[in-house]
Amino acid sequence: MSGAALGLEIVFVFFLALFLLHRYGDFKKQHRLVIIATLLAWYLCFLIVFILPLDVSTTIYNRCKLAVNSSPAETNGSFVTLAPSKQKCFKPWSYIPNGIMPIFWRVVYWTSQFLTWILLPFMQSYARSGGFSITGKIKTALIENAIYYGTYLLIFGAFLIYVAVNPKFNLQWNQLQTIGIAAANTWGLFLLVLLLGYGLVEIPRSHWNGAKRGYLLMKTYFKAAKLMTEKADAEENLEDIMEEVRKVSESIKYNHPLRKCVDTILKKCPTEYQERMGRNMDDYEDFDERQNSYPSEKSLVKLHKQVIYSVQRHRRTQVQWQILLEQAFYLEDVAKNETSATRQFVHTFQSQEPENKIIQYFYTPTIEWYWECLLRPWFYRVLAVVLATFSVIVVWSECTFFSTRPVLSLFAVFIQLAEKTYNYIYIEMACFLTIFFLSICVYSTVFRIRVFNYYYLASHHQTDAYSLLFSGMLFCRLTPPLCLNFLGLTHMDATISHRDAQPTAYTSIMGSMKVLSFIADGFYIYYPMLVVILCIATYFSLGTRCLNLLGFQQFMGDSEMTSDLIDEGKELIRREKRKRQRQEEGENRRREWKERYGNREDSTRNRVVHTEQKESSFSETNTNRTLSKYTRTNGRTERDRIELLQDAEPLDFNADSINDDPLESDSGRFRHIKSPNLV
């Protein structure tokens with residue numbers, strides 16, 4: 001079993017990251033490099049979270065071996081107290097051999113840092129660029145990131161100059177590496193506490209409110225009103241952009257040097273707009289170089305960027321509107337079925353997607369009624385209480401983890417109790433639940449936050465490339481300080497526990513933070529206490545109230561604006577419900593008509609077709625006879641008319657205005673009359 005647990009978790013985490021990325025990204029439409037970079041970033045961050053408990057159990061076993069093999073004279077008092085007998089020091093089932101974990105952590109950590117500080121910011125600018133060639137996109141990305149990279153180089157250069165000039169400092173490469181890691185972790189910890197303070201309160205509260213049917217329905221109405229406004233704005237913006245594209249497409253003709261750029265823009269437009277523009281184009285008209293009204297390549301790049309953004313936003317709002325409608329209809333069905341005497345769940349509309357037969361067999365209408373109307377609210381309440389308990393433990397431990405005598409951090413108490421009995425299963429489960437809960441609080445906040453329309457993770461494959469890459473950057477910057485904070489809460493970090501014990505492999509690659517004592521002994525210890533203030537602010541919804549005052553409508557029960565938006569959303573949902581009911585009634589009538597008169601219509605249609613075939617064959621015979629008769633008659637009449645014209649005296653007309661041969665003139669007129677039928 002040596003290393004088997006590590007291999008299983010590596011494979012499991014990969015498929016987990018792939019599943020989440022498939023839910024938010026679009027593998028068919030988005031660039032492969034964007035998918036690969038985001039998948040790698042998510043995968044590495046999730047991998048750190050899942051592998052760290054194995055590192056803790058392996059470290060505890062290595063400490064046990066070191067304590068057993070050491071003499072009492074070579075150990076201090078606290079370490080001898082923790083040293084067990086040889087019978088208790090047994091190898092855990094998930095033991096990872098020495099030398100593997102340091103290399104593993106070094107590769108994972110530095111790869112994630114390369115992604116978050118160098119590659120992903122560059123790919124963000126590349127993805128949002130409106131250039132028409134790879135070279136143009138790379139140039140735009142380098143220009144946009146020049147300030148970003150230049151700021152870091154300036155700070156690092158100033159620090160190196162200060163160290164070189166000051167004789168008190170004699171830093172080596174390892175110390176410089178540790179300072180760089182400390183700077184990155186400090187930035188990540190600053191953001192980590194902000195997100196953690198929000199998640200510790202909002203996650204239990206969202207599950208508690210999930211048990212309130214009326215609350216969820218009112219919030220859905222509120223979302224519907226806001227989304228309809230955003231949807232209308234996206235449609236209007238798309239219409240304006242498409243009008244600009246139409247003007248550019250009409251002005252730049254087929255033989256213009258920039259026509260390839262216009263064709264590239266047209267390919268990004270929706271299909272209906274492409275067909276509309278194609279009908280109004282005249283590709284056979286040449287362009288005039290003397291005209292100066294043609295747009296420049298730079299303006300086309302800007303227009304290309306606007307088209308990509310507007311089309312993505314329009315598609316996202318359309319999909320989200322349909323999803324929100326289904327959610328609102330379902331919540332209304334739950335509210336109606338709560339008072340059902342038959343205790344069978346009845347849907348107003350059938351699901352548009354085909355359901356699995358296995359799910360239909362087990363998840364019957366009766367089971368659905370008991371789950372949705374009775375069990376689910378209680379399940380959400382119990383889960384909310386459990387999550388709230390975890391949140392209280394985390395807040396308490398964040399405020400007291402620096403205390404080693406006595407040990408006040410509850411997570412450290414749990415791990416040390418298990419360490420005395422060397423119950424590795426309990427150690428790994430306790431570590432996994434702790435870091436998993438911390439990760440859920442932080443990562444869920446990353447998935448929930450929205451920075452206007454620049455960063456927004458939308459499910460059902462509606463997240464753009466910029467937001468995917470930005471989420472990968474955030475994960476790579478938040479995960480290392482999150483793991484260090486977890487090791488501090490459990491006193492597995494020697495900097496916190498002040499124990500002369502073997503560190504974990506993850507801590508060893510971070511280096512000793514004693515190089516920067518003001519960070520190791522100050523910021524890392526006391527800054528996490530701010531999570532208490534952030535939790536209080538989140539509990540009283542101070543951020544929501546501030547955004548509401550600034551004009552950003554937020555869901556607040558005691559706000560007049562919220563009530564107006566709820567009423568507006570309720571009316572929108574009622575209108576869409578009536579529309580769908582009329583559509584289903586029309587489809588049902590057509591289906592009933594087809595089932596009732598379908599066979600009769602088929603037999604009648606067959607008889608009509610057979611009769612038409614007979615009539616057509618008879619009419620073709622008569623037509624051929626008539627045509628032959630009239631052809632001979634018309635030929636004789638034509639010859640008589642030509643002879644009369646030849647015998648007539650010539651009139652005094654201009655030779656240019658009349659044809660000399662009346663046969664050619666008449667035959668030409670005959671051809672002119674017959675040509676539409678021939679075409």
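This one's a predicted model, so the numbers in the text were calculated from it and none came from an experiment.
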Residue pair N548 / Q554: nearest heavy atoms and the distance that separates them: OD1-N, 3.9 Å
Short side-chain donor-acceptor distance under 3.5 Å, Y109 and T479: no
Closest contact, heavy atoms only, D26 versus I35: O-CD1, 4.2 Å
R591 and N588 side chains, donor-acceptor separation under 3.5 Å: yes
R580 to F349 six-membered ring, cation-pi geometry met (6.0 Å, 45°): yes
C483 to I48 - nearest heavy-atom pair and separation: SG-CG2, 3.1 Å
Contact check, side chains of L482 and L196, non-hydrogen atoms, under 4.5 Å: no
Any T186 side-chain heavy atom under 4.5 Å of F190 side chain: no
If you look only at distance, which donor and acceptor atoms sit under 3.5 Å apart when one is on a side chain in residues 131-143 and the other is two or more places apart or in another chain?
{"residue": "S133", "atom": "OG", "partner": "G136", "partner atom": "N", "Å": "3.2"}
{"residue": "T140", "atom": "OG1", "partner": "G136", "partner atom": "O", "Å": "2.9"}

Aromatic centroids of F475 and F447 separated by under 6.0 Å: yes
Nearest heavy-atom neighbours spanning V446 and Y455: O-OH, 2.9 Å
Side-chain donor-acceptor pair present, Y273, E239, cut-off under 3.5 Å: yes
CG-NZ distance between L572 and K231, expressed to the nearest 0.5 angstrom: 9.5 Å
Student check: side-chain heavy atoms of R477 and W117 closer than 4.5 Å: yes
Verdict with supporting geometry, E144 and R128, salt bridge (Lys or Arg N to Asp or Glu O under 4.0 Å): CA-CA 11 Å; E144 290 183 358; R128 295 197 67 179; over 6 Å; no
Test item: F329 and T348 side chains (from C-beta on) under 4.5 Å apart, heavy atoms: no
Report all side-chain donor-acceptor pairs from residues 301-308 shorter than 3.5 Å, counting only partners two or more places apart or in another chain.
{"residue": "H304", "atom": "ND1", "partner": "G130", "partner atom": "O", "Å": "2.9"}
{"residue": "H304", "atom": "NE2", "partner": "K268", "partner atom": "NZ", "Å": "3.0"}

Evaluation steps, side chain to side chain contact (heavy atoms under 4.5 Å, CB included), between L191 and L474: CA-CA 9 Å; L191 183 61; L474 288 179; 3.8 Å; yes
From CA spacing to verdict: side chain to side chain contact (heavy atoms under 4.5 Å, CB included), L217, E332: CA-CA 7 Å; L217 192 55; E332 289 180 347; 3.9 Å; yes
Close side-chain approach of V311 to P270, heavy-atom, < 4.5 Å: yes
Aromatic centroids of F122 and Y149 separated by under 6.0 Å: no
Under 3.5 Å: donor-acceptor pair, side chain of H461, backbone of G25: yes
Donor-acceptor pair, side chain of Q274 and main chain of C269, under 3.5 angstrom: yes
Within 6.0 angstrom of F14 CZ, more than 12 heavy atoms from elsewhere: no
Euclidean distance, E236 CD relative to I241 CD1, rounded to 0.5 Å: 11.0 Å
D263/K267 salt bridge by N-O under 4.0 Å criterion: no
Using residues 37-47 as the side-chain source, report each donor-acceptor pair under 3.5 Å to any protein atom, sequence neighbours left out, with the distance given to one decimal.
{"residue": "T38", "atom": "OG1", "partner": "V34", "partner atom": "O", "Å": "2.8"}
{"residue": "W42", "atom": "NE1", "partner": "S471", "partner atom": "OG", "Å": "3.3"}
{"residue": "Y43", "atom": "OH", "partner": "I10", "partner atom": "O", "Å": "3.2"}

Trace of the side chain to side chain contact (heavy atoms under 4.5 Å, CB included) decision for I566 with F555: CA-CA 9 Å; I566 289 174; F555 185 76; 3.9 Å; yes
Within-4.5 Å side-chain heavy-atom neighbours: E235 and Q318: yes
Verdict with supporting geometry, R574 and E571, salt bridge (Lys or Arg N to Asp or Glu O under 4.0 Å): CA-CA 5 Å; R574 187 181 296 112; E571 182 61 30; 2.7 Å; yes
Distance, nearest 0.5 Å, that separates OG1 of T111 from CG of L119: 11.0 Å
Side chain to side chain contact (heavy atoms under 4.5 Å, CB included) evaluation trace for T229 with K226: CA-CA 5 Å; T229 303; K226 289 188 63 177; 5.8 Å; no
Residue pair R313, D233: steps toward the salt bridge (Lys or Arg N to Asp or Glu O under 4.0 Å) verdict: CA-CA 10 Å; R313 184 187 176 194; D233 184 53; 2.7 Å; yes
Salt bridge (Lys or Arg N to Asp or Glu O under 4.0 Å) evaluation trace for R316 with E230: CA-CA 10 Å; R316 187 190 70 226; E230 182 181 358; 3.0 Å; yes
Spacing of CZ belonging to R23 relative to OG1 belonging to T463, to within rounding of 0.5 Å: 10.0 Å
Heavy-atom donor-acceptor pair, S251 side chain to K247 backbone, under 3.5 Å: yes
Point-to-point distance, once rounded to the nearest 0.5 Å, from CD of Q124 to CG of L468: 10.0 Å
Nearest heavy-atom neighbours spanning S444 and I203: OG-CD1, 3.2 Å
Note, F27 side chain near H22 side chain (heavy atom, < 4.5 Å): yes
Side chain S299, main chain P295, donor-acceptor under 3.5 Å: no
Reported CG-to-CG distance for the pair L192 and N485, which is rounded to 0.5 angstrom: 6.0 Å
Check: L227 and Q320 side chains under 4.5 Å, non-hydrogen atoms: yes
Nearest atoms (heavy-atom pairs only) where S310 meets N237: CB-ND2, 4.0 Å
Short N-O contact, E243 and R246, less than 4.0 angstrom: yes
